[in-house]
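Both ligands and their constituent atoms are indexed starting at 1 by order of listing. Keep in mind that what you see is a predicted model, and the values were worked out from it rather than measured. Counting from 1, the numbers follow the sequence of the chain as shown.
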Amino acid sequence: MKNQVRVSSTTTPWPLTTTMTPSSATAADEGDLAVGGVRLAEIAATYGTPAYVLDEADVRARARAYRAALPEAEIAYAGKAFLCRAMIGWIQAEGLSLDVCSGGELALARHVGFPAERIVLHGNAKTPRDVQDALAYGVGRVVVDSTYEITQLAVAAHPGRPQKVLIRVTPGVDAHTHAAVATGIEDQKFGFSLSAGAAADAVRQVLHWQLTERPALELAGLHCHLGSQITSVDVFAEAARRLIALMAWIRDEYGVVLPELDLGGGHAVGYCDGDPDFDLEQYARTVRAVIAKACRQHRLPVPRLTVEPGRAIVARAGVTLYRVLTMKRNPGIRTFVAVDGGMSDNPRPALYGSAYTARLIGRATTAASEPMTVVGRHCEAGDVIARDLPLPSDLRPGDLLAVPCTGAYQHSMASTYNQVCRPPVIAVRDGVARVLIRRETLEDLQARDVSL
Ligand code: LLP
C-alpha cells in the first residue's frame, strides 16, 4: 500500500512519540518523515546535505507554552542557542524578549528592528564596542558582570539618562550539570560571588552611579544563570531564595527596592528517547511559590520575573539531514557510518560528550538493526555524531540519516574546520520549505583570505 510506512520497530531508534522530535513530525511513505508538512528526503534532494531543518511552528508553540506557563514573567529567548533574522521575527511575534550576549547578536536584533527595551545584553567580557552599541541602541537592560564593566558602562552612559542594569550574581548553587556549562557554582569566570561578598560590592558600586544628582546607572534587579541542561526545579528555587535575601539586604542597607529578578535559562531538553525533560509547569508553580514566600518573609514586593530559555525553545524544532558517504565494518569491534557532516556542524558530542540519535529516512527497510556509530568527515577520531545506535543492517552509502534535536547550539556553534562549509538552515511550515540561512560556499570561505 502506497501510504503505509514499512519500518520495523527495531530500525526506528527515534519513534515519533518521543519529545525530542519536532511536534509536527509525521511518518511519510517509503520510510520517510515529514516535518512541518515537508518530507525530509525532499528537502535533502532540493537543498543538499548536510542541512539543518527547523520547524517554525514548533519554535512558536514552545514560545507560547512559556508565556502560558509564566504569564506574569518576561520570557527572554537566549539567542546564543540559534539566531537569524527569521528566528528573531518569530520570537518577537510571540511576545518574547531577547537575550543577546555579543555585539554581533545585538547587531542582528537591531538590523530587524527588535524593540530595544526588550533586549537584555549579557557577557562576562563585553568589548568597549559592545557597550557603546548597547547604549546607542538603548537596550532595556545590561547584565553587568565585572567591576571594570560597571565603571566602563557608567562612564559611557549619558548622565541623567541612566542605563538599567542587572547584576549577575553567582549564587553558589550547583545545578549538577556538565562542568563546561555549570555557571551557578563558585570559582568560575561568570558573575559576582555571593558568598565572597563580590555581589554586595557590585551593588555598592552600581548604586554609587545611581544615587547621585545625574545618575548614569539604575539598578533594576539581580540576575543569575545556573547552567545548562538542568532537570531539577529545586536548584532554581534555591537560587531565587538566595537572590531575594540579597534584595532584602539591599533594601535594608540602601533603602532601594529592586523591581526585577532574572533567573536565567538552562531548562533541559531530552536528546534521546527516554532522556528526562524539564517540567515547565512544575518550574512555574515552584518558582512562583518560592518567590512569593521569600518576599513575604522579607516584606518585599514580588519582583517581576525574567527567564531566559534558549535550548528549550529551539532544540526540538531542529533536525539535521546527512547523507552516508561510506561505511566501515570492523567485525567484533564496531561498524562506522561516515556522513557528509560532523563536528563542524555539531561540535556538541566532541565538546560535552553529548548523546544523539539518528534514523534512516527516505527509504523503507525491513532489515534488522545492528549497532552502528555515526561519525563525521573531519580529521579527528573524536568526530562522532552518535555512538552505538541501532541502524538497519542494510544501511549503505547514499542513504539519508536524520538526527533530531539539533535546533540549539548546532548552527550557532558550527565552524568551518577543515575548510568545510556550514550547512544551510531550512525552515518548514505548513508544507512549505524556505531557506533561512544559505549554505556556505568555498567562495565565502576564500573571500576572507585576502593575502598571499
Ligand atoms: N542565559 C544565560 C545568561 C546563558 O549564559 C545561557 C546559556 C542561557 C540563558 C540559555 O541557556 P539554555 O536555556 O539554552 O540552556 N553550548 C552549550 C550551552 C551553553 C549555554 C551558555 N549559556 C551546549 O551546547 O550545550
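- Among protein heavy atoms, the minimum distance from atom 21 (C) of ligand 1 is reached at Lys80 CD, 3.9 Å.
- Geometric assessment of Arg348 against the ring of Tyr271 yields a positive cation-pi assignment under the 6.0 Å and 45° thresholds.
- Within the 4.0 Å heavy-atom criterion, both parts of Arg311, backbone and side chain, lie near ligand 1.
- If you check which protein heavy atom lies closest to atom 9 (C) of ligand 1, you get Glu308 O, 3.2 Å.
- Atoms of ligand 1 found under 4.0 Å from any heavy atom of Pro309 (numbered from 1 in listed order, with element): 13 (O).
- When hydrogens are left out, the protein atom nearest atom 24 (O) of ligand 1 is Arg348 NE, 2.6 Å; that is the closest non-hydrogen contact.
- In this structure, Arg60 pairs ionically with Glu56, as a charged nitrogen and a carboxylate oxygen lie closer than 4.0 Å.
- Using bins of under 30°, 30° to 60° and over 60° for the plane-to-plane angle, the ring pair His411/Tyr52 lands in the perpendicular bin.
- Nearest protein heavy-atom contact of atom 14 (O) of ligand 1 is Tyr409 OH, 2.6 Å.
- Taking a cut-off of under 4.0 Å to the non-hydrogen atoms of Gly310, the atoms of ligand 1 that pass are 12 (P), 13 (O), 14 (O).
- By the criterion of a heavy-atom distance under 4.0 Å, the side chain of Met413, and not its backbone, is placed next to ligand 1.
- In the displayed structure, Asp252 atom CG is contacted under 6.0 Å by more than 12 heavy atoms of other residues, nucleotides or ligands.
- Of the protein's heavy atoms, Val181 CG1, 3.8 Å lies nearest to atom 19 (C) of ligand 1.
- At least one heavy atom of Gly266 sits less than 4.0 Å from an atom of ligand 1.
- Among all non-hydrogen protein atoms, the one lying nearest atom 8 (C) of ligand 1 is His225 CE1, 3.3 Å.
- Checked against a 6.0 Å centroid threshold, the rings of His225 and His122 do not count as neighbours.
- By the 6.0 Å contact criterion, CZ on Arg241 is enclosed, its count of non-hydrogen atoms from other residues, nucleotides or ligands being greater than 12.
- Each of the following atoms of ligand 1 lies closer than 4.0 Å to a heavy atom of Arg168: 3 (C).
- Atoms of ligand 1 lying under 4.0 Å from any heavy atom of Ala78, numbered from 1 in the order shown and given with element: 8 (C), 9 (C), 10 (C).
- Minimum interatomic distance between Gly342 and Ile385 (heavy atoms only, all atoms of both residues): CA-CD1, 3.8 Å.
- For atom 17 (C) of ligand 1, the closest non-hydrogen atom of the protein is Tyr352 OH, 3.1 Å.
- In terms of protein heavy-atom proximity, atom 15 (O) of ligand 1 is closest to Ser228 OG, 2.3 Å.
- When each atom of ligand 1 is checked for a heavy atom of Asp99 under 4.0 Å away, the hits are 1 (N), 2 (C), 9 (C).
- The pair Glu72-Arg288 meets the salt-bridge criterion, with a side-chain N (NZ, NE, NH1 or NH2) lying under 4.0 Å from an Asp/Glu carboxylate O.
- For the pair Arg168 and Glu149, the salt-bridge criterion is not met [side-chain N within less than 4.0 Å of a carboxylate O].
- Arg316 pairs in a side chain to side chain contact (heavy atoms under 4.5 Å, CB included) with only one of the listed residues (Thr21, Val59, Asp277), which is Asp277.
- Interface of His122 with ligand 1, defined as ligand atoms under 4.0 Å from a residue heavy atom, comprises 3 (C).
- Within the 4.0 Å heavy-atom criterion, neither part of Leu351 lies near ligand 1.
- Atom CG of Leu106 sits about 11.5 Å away from atom CZ of Phe114, to the nearest 0.5 Å.
- Using a 4.0 angstrom heavy-atom cutoff, Ala81 does not count as in contact with ligand 1.
- Side-chain contact between Val143 and Val120: present, with at least one pair of heavy atoms (C-beta onward) separated by less than 4.5 Å.
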